[in-house]
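The structure appears right after this line, and notes come after that.
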Amino acid sequence: MTYQISATKLQTYHRCPYAYFLRYEHKLTTPEFFGSAALGNALHQALAQCHRDWHYRFPLPTMQWVQQCWQEHSGGLSNSQVVEGLKILEQYYRNFIATEVSIRQPLAVEGKIQGYLQVENLEFVISGRYDRIDFLQDGGLELIDYKSSREVKLPDASEIDIQIGLYYLALEQTYRQSLQYLSLLFLRTGEKIRFKATGEHRKQVQTMVGDLAVRLRHDRGWEPTPGKQCDRCTFARYCPSVTANPAPVPETRSKPQLQLALNFA
């Protein structure tokens with residue numbers, strides 16, 4: 001059997017093993033709040049088409065091409081969202097296309113990446129999504145993640161490191177090329193922030209997954225890790241490190257994933 005791992009799951013584990021256990025092993029659900037993601041989704045799809053379907057025998061796409069891509073993916077939006085999205089794409093065009101002599105066709109756009117890691121007789125399946133992967137002229141890969149949020153808010157450095165390490169492993173296995181940069185491109189502000197990727201990120205993730213594998217194998221070591229994340233943790237009422245008299249953890253219908261993962265010789 002295989003064990004699914006992603007950047008989100010490993011970041012949760014890094015913050016607090018107990019929260020990881022409750023969410024992913026005990027399958028304890030939490031209330032979540034979702035905003036309207038329609039505009040962000042439409043922007044992602046329009047940019048995917050813009051870079052994927054452009055005829056690369058011409059050096060640069062035109063703004064008319066970008067507008068055409070936007071028209072094909074903005075049909076379900078309100079009039080104000082259509083106008084706002086077009087302004088965002090016009091800024092993207094000015095900052096990242098019009099300034100170039102020519103652009104290269106991406107290696108891949110809008111897809112999933114998968115890799116594998118064997119630890120403690122457990123096979124971990126590494127999975128993630130990407131908006132765009134570029135092959136750099138001097139070798140290596142750049143993974144670009146579009147952000148449609150209204151403010152530039154960077155994850156903690158440790159969480160970025162985990163994301164880089166997982167993508168480093170998966171891309172190396174898939175394309176036989178090393179990840180050189182993970183870039184966050186903020187569509188509303190036009191800022192692009194690059195993070196250098198190295199083999200140390202891969203080693204860090206391998207070590208972390210190895211530690212997780214030991215806990216899964218022996219089903220212990222899920223102690224809480226108190227910290228600043230406790231203020232926004234939805235499991236705080238069950239946590240002895242946060243609450244003087246924690247509530248009992250409710251039973252769940254789903255069996256913990258570790259039972260499935262360990263059900264083989």
Side-chain angles (χ1 to χ4, degrees), residues 1-35 37 112-117 119-120 122-130 143 145 147 149 153-170 182 184 195 197 200-243 246-262:
M1 300 293 291
T2 58
Y3 189 95
Q4 299 285 335
I5 195 73
S6 65
T8 299
K9 291 180 71 172
L10 204 56
Q11 287 164 349
T12 301
Y13 173 74
H14 176 71
R15 287 192 296 269
C16 180
Y18 187 57
Y20 179 95
F21 171 77
L22 292 180
R23 181 174 180 180
Y24 295 111
E25 293 301 312
H26 195 69
K27 308 295 186 184
L28 188 62
T29 58
T30 60
E32 297 188 41
F33 304 92
F34 299 92
K112 296 179 180 179
I113 190 71
Q114 194 170 79
Y116 300 89
L117 189 61
V119 186
E120 286 284 321
L122 292 175
E123 184 177 42
F124 288 84
V125 178
I126 302 164
S127 60
R129 296 193 62 86
Y130 58 83
L143 188 144
D145 188 8
K147 299 293 185 183
S149 55
K153 186 176 181 180
L154 298 179
D156 291 340
S158 60
E159 296 191 359
I160 284 288
D161 289 343
I162 291 169
Q163 190 173 1
I164 290 173
L166 282 174
Y167 279 117
Y168 197 110
L169 278 165
L182 169 66
L184 304 182
F195 298 91
E200 290 301 315
H201 291 99
R202 176 184 57 192
K203 292 178 182 178
Q204 177 188 357
V205 163
Q206 288 173 323
T207 299
M208 195 177 300
V209 172
D211 183 65
L212 172 60
V214 171
R215 298 189 195 219
L216 290 169
R217 173 61 69 188
H218 300 288
D219 191 15
R220 63 173 182 263
W222 304 107
E223 293 83 6
T225 302
K228 61 182 181 180
Q229 74 275 1
C230 296
D231 292 339
R232 61 181 186 273
C233 180
T234 55
F235 302 117
R237 61 186 180 277
Y238 307 117
C239 182
S241 294
V242 177
T243 307
V249 178
E251 294 294 327
T252 56
R253 295 181 180 180
S254 300
K255 293 182 179 180
Q257 187 177 349
L258 64 90
Q259 293 183 3
L260 293 175
L262 301 177

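This is a predicted model, so every value here is computed, not measured.
In this structure, T12 and A19 approach most closely via the heavy-atom pair CG2-C, 4.3 Å. When every heavy atom of P226 is checked against every heavy atom of P224, the shortest pair comes out as CD-O, 3.5 Å. Nearest heavy atom pair, residue T243 against residue R237, reads OG1-CA, 3.7 Å.
By the side chain to side chain contact (heavy atoms under 4.5 Å, CB included) test, A236 pairs with V242, sequence neighbours left out. In this view, Y167 satisfies the ring-ring contact (aromatic ring centres under 6.0 Å, His included) rule with no residue, not counting sequence neighbours. Residues satisfying the side-chain hydrogen bond (donor to acceptor under 3.5 Å, both in side chains) test with Q229, not counting sequence neighbours, are none. Annotation: side chain to side chain contact (heavy atoms under 4.5 Å, CB included) contacts of P250 (sequence neighbours excluded): L28, Y238. Applying the side chain to side chain contact (heavy atoms under 4.5 Å, CB included) test to D156 and every residue at least two apart in sequence or in another chain returns S158, E159, K228.
The distance from the NZ atom of K9 to the OG atom of S127 is 8.0 Å, given to the nearest 0.5 Å. For the atom pair E123 CD and Y3 OH, the distance stands at 14.0 Å (nearest 0.5 Å). Put simply, CG on L182 and NE2 on H201 are 9.0 Å apart, with the number rounded to the nearest 0.5 Å. The CD1 atom of I126 sits 13.5 Å away from the OH atom of Y168 when rounded to the nearest 0.5 Å. We find the OG1-CG distance between T8 and L166 to be 9.5 Å, quoted to the nearest 0.5 Å. Between the NE2 atom in H26 and the OH atom in Y20 there is a gap of 15.0 Å [rounded to 0.5 Å].
When side chains are defined from C-beta on, K153 does not count as touching K147, because their heavy atoms never get closer than 4.5 Å. Residues L216 and W222 form a side-chain contact, since some pair of their non-hydrogen atoms from C-beta on lies under 4.5 Å apart. Side-chain atoms of F195 and L184, non-hydrogen and from C-beta on, do get closer than 4.5 Å to each other. The shortest distance between side-chain heavy atoms of F124 and T2 does not fall below 4.5 Å.
In this structure, the side chain of R220 does not engage the main chain of R217 through any donor-acceptor pair within 3.5 Å.
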For residues 204-214, which side-chain donor-acceptor pairs fall under 3.5 Å, sequence neighbours excluded?
residue, atom, partner, partner atom, Å
T207, OG1, K203, O, 3.0
D211, OD2, Y13, OH, 2.2
D211, OD2, R215, NE, 3.3
D211, OD2, R215, NH2, 3.4

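When each of D161, I162, T225 is paired with H14, the side chain to side chain contact (heavy atoms under 4.5 Å, CB included) condition holds for I162 and for no other.
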